[in-house]
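What follows is one structure encoded as structure tokens, with my remarks underneath.
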Amino acid sequence: MKKLINDPNDVVVEALRGIEAAHPELRVDHQHKVIYRGDAPKQGKVGIISGGGSGHEPLHGGFVGLGMLDAACAGEVFTSPVPEQMQAATKLVDGGAGVLHVVKNYTGDVMNFEMAAELAAAETGARVVSVVTDDDVAVQDSTWTAGRRGVGVTVLLEKIAGAAAEQGRDLDQVAEVARKVNANGRSMGVALTSCTVPAAGKPTFELGEGEMELGVGIHGEPGRQRLPLAPASEIAALLVEPILADLPFSTGDPVIAFVNGLGGTPLIELYVMFNEVSRILAGHGVLIARSLVGSYITSLDMAGSSVTLLKADDELLSLWDAPVNTAALRWGI
Amino acid sequence: MKKLINDPNDVVVEALRGIEAAHPELRVDHQHKVIYRGDAPKQGKVGIISGGGSGHEPLHGGFVGLGMLDAACAGEVFTSPVPEQMQAATKLVDGGAGVLHVVKNYTGDVMNFEMAAELAAAETGARVVSVVTDDDVAVQDSTWTAGRRGVGVTVLLEKIAGAAAEQGRDLDQVAEVARKVNANGRSMGVALTSCTVPAAGKPTFELGEGEMELGVGIHGEPGRQRLPLAPASEIAALLVEPILADLPFSTGDPVIAFVNGLGGTPLIELYVMFNEVSRILAGHGVLIARSLVGSYITSLDMAGSSVTLLKADDELLSLWDAPVNTAALRWGI
Amino acid sequence: MDENVTTAVLEEWVRRFAHLVAENRDHLTELDAAIGDADHGLNMDRGMKAVVAALDAATPATAGALFSKVGMTLVSTVGGASGPLFGTLFLRMGSTLGDAQATSAHELAAAFRAGLGGVVDRGKAGPEDKTMYDALAPAVEALAAAVADGADLASGLKQARDAAAAGRDATTPMLARKGRASYLGERSVGHQDPGATTVALLLDAATETAF
Amino acid sequence: MDENVTTAVLEEWVRRFAHLVAENRDHLTELDAAIGDADHGLNMDRGMKAVVAALDAATPATAGALFSKVGMTLVSTVGGASGPLFGTLFLRMGSTLGDAQATSAHELAAAFRAGLGGVVDRGKAGPEDKTMYDALAPAVEALAAAVADGADLASGLKQARDAAAAGRDATTPMLARKGRASYLGERSVGHQDPGATTVALLLDAATETAF
Ligand SMILES: Nc1ncnc2c1ncn2[C@@H]1O[C@H](COP(=O)(O)OP(=O)(O)O)[C@@H](O)[C@H]1O
Ligand SMILES: Nc1ncnc2c1ncn2[C@@H]1O[C@H](COP(=O)(O)OP(=O)(O)O)[C@@H](O)[C@H]1O
Ligand SMILES: [Mg+2]
Ligand SMILES: [Mg+2]
Ligand SMILES: [Mg+2]
Ligand SMILES: [Mg+2]
């Protein structure tokens with residue numbers, strides 16, 4: 001394992017210290033591993049928290065700030081945080097207007113956030129509403145699975161819901177727009193290499209020099225299918241077509257197109273991918289209204305990429321364009 | 001080789017199409033592989049162009065926009081662009097106040113920019129001043145070498161000179177502040193893995209599982225020393241101490257601290273590194289006035305990191321804080 | 001006949017379990033790497049080490065206090081799916097046993113069944129979903145049956161251990177319908193479930209304890 | 001005696017050079033990987049392929065036009081250090097030869113020397129800096145000496161080829177003081193310089209051409 005770390009067990013704790021040192025406008029509760037806005041709680045504003053296993057940086061801590069999250073809970077690598085953390089975060093950001101929990105659909109995350117919501121309500125009477133993201137079309141959504149994974153849409157949802165909360169919308173309205181984002185967004189990912197969990201010390205799975213893993217999530221889970229390595233044009237089609245098929249897009253639909261890197265893939269390759277994605281969308285008459293290219297929801301050092309398409313309307317676009325000021329996403333301010 | 005690309009020879013061309021598709025505010029001259037501001041040339045404003053081999057993304061194209069570069073020339077991977085490209089870029093951005101060429105100190109880059117300046121002057125009489133960055137302390141600076149390499153400082157210089165130009169300073173003043181940045185900035189890098197040049201198809205150098213290469217540049221050149229892989233705390237010391245020794249910092253000096261990823265290293269590791277860097281600086285009484293953490297000047301898919309420290313003063317800090325609106329760096333607007 | 005066990009014996013059971021989890025940490029993680037995200041052994045080991053630390057700090061007086069502390073510690077240190085699930089298992093056992101000084105075989109069997117109920121409430125798993133349920137449910141049944149037949153705890157727990165081991169092995173051919181493994185669809189077949197393996201260790205620990 | 005070569009023969013030389021560069025592309029790139037950035041073969045091959053395409057498109061009438069076109073094409077397609085350097089080499093040869101229909105051995109030797117001057121003006125390299133200079137300078141001297149002794153071009157170019165090959169080999173023990181290789185300090189010793197290797201190919205091409 002080759003990583004810029006010290007003791008593998010200290011990665012999360014030390015990364016949090018690094019974030020604190022690099023971003024004076026953020027606060028870190030080291031006991032609970034919570035990153036929160038220096039100005040939290042904002043009286044009268046709906047608080048938004050998220051969290052999950054670490055190893056997906058900048059998600060979620062890099063999205064804490066004006067116009068996005070109020071707090072983020074960092075779990076161990078690839079392991080959802082524990083209820084106490086979300087309970088502490090909920091308390092930190094509750095400005096009296098209630099708190100939205102943004103939860104990626106993984107059994108562990110859902111159960112720990114559930115317990116946290118129960119505890120928070122019992123302790124402070126805080127009103128908590130949870131929105132679960134489940135946008136990964138690689139997973140069959142059926143009663144025979146834990147349901148689809150929450151992946152790329154989570155980034156777009158946190159930005160858009162954050163803007164809605166900043167506008168002063170109430171908890172139900174913020175939750176509603178968040179659900180609208182999840183309902184209209186779909187993602188699919190591909191891995192060219194495995195990732196290596198620091199505490200495990202070796203790659204989670206083996207992938208031959210000529211192979212790729214299609215339909216991976218963001219935890220080094222094996223994907224749905226192992227295929228021979230293909231050119232970017234074919235890979236892009238393998239990612240985009242299932243998305244378009246799953247959430248019927250009509251000609252002229254505006255979308256927010258998000259080409260994400262999984263951690264070990266450099267930006268130049270993401271732009272090559274974006275070129276292919278934009279060509280495929282043009283072929284379907286789908287209009288790219290906004291775009292995001294970069295490594296925003298990662299899987300440690302995995303080489304690979306995911307594509308997320310969000311079918312947008314004027315409301316979602318104006319919330320997307322609203323000012324945001326976080327470590328990883330910033331514009332308009 | 002595992003990359004999200006098509007024909008290795010088309011990577012640069014296709015990445016440029018991706019950038020064009022993702023950033024409607026940018027223009028791309030595909031014939032000359034020049035990315036330029038949609039509003040170029042700005043009459044009366046000093047134009048700033050840079051460029052170099054591709055494979056360092058987001059450098060330089062990701063820094064084109066208000067408050068930073070007016071145009072960037074993309075060479076082949078790791079190969080400086082040709083004079084025609086800088087000549088075309090110079091023409092595109094010359095608003096009558098002259099054009100600054102930001103050149104990283106590599107024999108090829110220097111010679112090609114030199115020829116371009118000669119050609120541009122001959123063709124349009126454009127006034128061109130060149131500033132060369134050479135901040136890499138891993139290279140001995142002597143008459144016996146080509147001089148130090150231009151690395152991380154280039155990013156900070158393009159931001160700060162861009163702000164100076166946006167303020168309406170004249171060409172000599174912009175060149176002066178640019179030289180001031182280069183004079184006060186130093187960098188050092190480490191590689192945990194080699195990178196793979198697409199057209200070469202295999203890693204540029206071999207590095208054992210337990211080895212790291214200290215003092216690398218951004219082109220997969222071997223570094224100065226091969227060492228056993230070490231913890232982040234030791235690696236940070238190996239990078240920071242030579243910088244502090246080379247450019248004496250005094251207690252209380254404010255610095256802009258930049259921890260950069262080389263392309264294959266995920267953000268969580270960069271924050272672990274930043275934590276170590278900030279501890280070392282605190283130990284020396286050096287004050288982190290501003291910070292930048294991320295992969296901004298990369299070496300394709302190389303795993304590794306570089307540290308850049310810029311000794312700042314009020315002028316440099318206020319120019320750093322000035323609004324910037326590019327694909328890769330944005331704030332204040 | 002119906003002998004009672006002291007809280008000290010039950011604590012010994014918990015400590016044995018922690019020891020076996022530590023011993024099998026990498027094995028559990030490898031099982032999770034095949035159909036999950038390669039952290040189950042790390043998660044359980046982190047949690048049980050915290051449990052041991054808590055027990056070292058203060059010895060619970062009653063079986064109820066013991067299992068509640070185990071459950072709370074797991075919930076607050078493990079995370080992932082196994083934190084709430086194993087945490088709830090022990091929390092329910094604790095609340096069922098209350099503050100009696102000693103515990104009868106019948107009480108333990110009943111508490112164990114209550115723990116299973118907690119796991120189902122949280123995770124909604126049923127038979128053949130390829131989860132810890134498939135090892136836990138047979139163990140609960142075996143212990144209850146043995147105790148109903150008047151077996152003593154030691155032999156009842158041996159039968160529960162055998163049932164858990166069989167249930168664990170039975171998960172290998174199953175197609176996962178819960179948890180991360182369900183993302184794999186057909187590809188989950190042929191791999192043993194990590195959580196079920198941990199449940200079997202819990203029963204192994206019991207048979208290694210002098211009940 | 002002093003025979004003249006036609007532009008067609010010189011063009012054949014350039015085409016042979018392009019052919020050898022293509023053949024040695026990967027070798028040149030590997031040499032550059034050891035002490036540079038693994039692109040020299042790619043750079044020169046890209047440039048010489050463009051040269052051949054330009055020659056296919058229009059046959060230059062004069063030696064001056066030929067070498068100027070070669071130089072301009074290299075400058076505008078290669079980039080890196082070798083683009084300006086090899087480009088300037090040919091540009092200077094072109095401007096020196098002007099528009100005579102045929103070229104004498106003396107004229108070619110003089111043009112070759114002027115090309116060397118252009119490389120030095122651009123790159124400021126001298127003897128033993130471990131660059132293309134170390135193969136080019138000896139070749140220039142050998143050709144000039146041979147021609148001065150009345151040798152014909154074919155034998156003069158053979159001697160230049162031998163001098164270039166010797167100069168190329170001599171770069172291996174040198175410590176680089178110019179270009180990327182100089183970053184390596186001591187570590188540059190023991191590796192043959194890529195650019196010098198390409199210069200040797202240029203002279204090999206000459207000896208394979210019917211002068
Ligand atoms: N819904 C569920 N009900 C019961 N057990 C479950 C459920 N989901 C997962 N599990 C168990 O949890 C185990 C995985 O635990 P662990 O790897 O620690 O958590 P995570 O899956 O969050 O990484 C699985 O092997 C399975 O036995
Ligand atoms: N200053 C210089 N003068 C003469 N030749 C040089 C100089 N610098 C580099 N070279 C030659 O250029 C070669 C490298 O060319 P190339 O790899 O194509 O360019 P780059 O170094 O920009 O990648 C070296 O092997 C050396 O022979
Ligand atoms: Mg997990
Ligand atoms: Mg090069
Ligand atoms: Mg797991
Ligand atoms: Mg080179």
Side-chain angles (χ1 to χ4, degrees), chain A residues 1-7 11-12 14-23 54-55 57-58 62 190 192-193 209 212 229 231-233 235 257 259 263-278 288 291-293 295 298 300-301 303-305 325 327-328 330-333, chain B residues 1-7 11-12 14-23 54-55 57-58 62 190 192-193 209 212 229 231-233 235 257 259 263-278 288 291-293 295 298 300-301 303-305 325 327-328 330-333:
Chain A
M1 169 176 59
K2 299 186 115 179
K3 293 182 187 293
L4 293 165
I5 62 174
N6 296 304
D7 180 331
V11 171
V12 175
E14 293 178 357
L16 284 173
R17 296 205 177 284
I19 289 170
E20 186 177 35
H23 306 291
S54 294
E57 294 65 26
V190 66
L192 301 191
T193 68
E209 176 58 31
M212 64 182 184
L229 190 59
S233 56
I235 292 175
V259 169
T265 287
L267 193 55
I268 187 171
E269 295 179 40
L270 299 182
Y271 278 117
V272 169
M273 283 293 290
F274 194 89
N275 178 46
E276 298 299 340
V277 170
S278 67
I288 298 180
S291 58
L292 184 65
V293 183
S295 296
T298 60
L300 290 168
D301 54 351
S305 174
N325 182 355
R330 182 168 179 182
W331 57 73
I333 181 170
Chain B
M1 168 175 61
K2 300 186 112 178
K3 293 181 186 292
L4 294 165
I5 62 174
N6 297 303
D7 180 333
V11 171
V12 175
E14 294 178 354
L16 284 174
R17 297 209 175 283
I19 289 171
E20 186 177 35
H23 306 292
S54 293
E57 294 65 27
V190 66
L192 302 191
T193 69
E209 175 60 30
M212 64 183 185
L229 190 59
S233 56
I235 293 174
V259 169
T265 288
L267 193 56
I268 187 170
E269 295 179 39
L270 299 183
Y271 277 118
V272 169
M273 282 293 290
F274 193 89
N275 178 46
E276 298 300 338
V277 169
S278 68
I288 298 180
S291 58
L292 184 65
V293 182
S295 296
T298 59
L300 290 170
D301 54 352
S305 175
N325 182 356
R330 182 168 180 181
W331 57 73
I333 180 169

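Convention: sequence-line order gives letters A, B, ...; per-chain numbering from 1.
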Part of [X] lying under 4.5 Å from any heavy atom of chain A:
X	result
B/Ile235	side chain
B/Ser295	neither
B/Ala303	neither
B/Val11	both
B/Ser278	side chain
B/Leu229	side chain

- Query: Does the B/Arg330 side chain pair with the main chain of B/Ile333, one donor and one acceptor, at a distance under 3.5 Å?
  - Reply: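 Checked: pair present.
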- For B/Leu4, does its backbone N or O pair with a side-chain atom of A/Glu269 as donor and acceptor, under 3.5 Å?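 Answer holds: yes.
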Do you know which of [options] has the most heavy-atom pairs with chain B at a distance under 4.5 angstrom?
options	value
A/Pro266, A/Ala328, A/Ser54	A/Pro266
A/Leu292, A/Asn325, A/Ile268, A/Leu270	A/Ile268
A/Glu209, A/Met1, A/His23	A/Glu209

Nearest 0.5 angstrom please: [X] [atom1] to [Y] [atom2], how far?
X	Y	atom1	atom2	answer
A/Thr265	A/Met273	OG1	CE	9.5 Å
B/Ile5	B/Glu14	CD1	CD	9.0 Å
B/Asp7	A/Ser233	CG	OG	11.0 Å

- Task: Counting only heavy atoms closer than 4.5 Å, note whether A/Ala327 contacts chain B via side chain, backbone, both or neither.
- Result: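 Side chain only.
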- Message: Looking at every non-hydrogen atom in both residues, tell me the closest pair between A/Thr298 and A/Glu57 and how far apart they are.
- Response: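 That would be OG1-O, 2.8 Å.
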- Message: Tell me the closest heavy-atom pair linking A/Gly18 and B/Phe274, and the distance in Å.
- Response: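 Where A/Gly18 meets B/Phe274 most closely, the heavy atoms are O-CD2, 3.7 Å.
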- Task: Walk me through it: do B/Glu276 and A/Asn6 pass the test side-chain contact (heavy atoms from CB on, under 4.5 Å)?
- Result: CA-CA 10 Å; B/Glu276 298 300 338; A/Asn6 296 304; 2.8 Å; yes
- Contact leader toward chain A among B/Ala22, B/Pro231, B/Gly264, B/Gly263, where contacts are heavy-atom pairs under 4.5 Å: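 The answer is B/Ala22.
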- So which of B/Ala15, B/Gly62, B/Ala257 has the largest heavy-atom pair count under 4.5 angstrom toward chain A?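 The candidate making the most pairs under 4.5 Å is B/Ala15.
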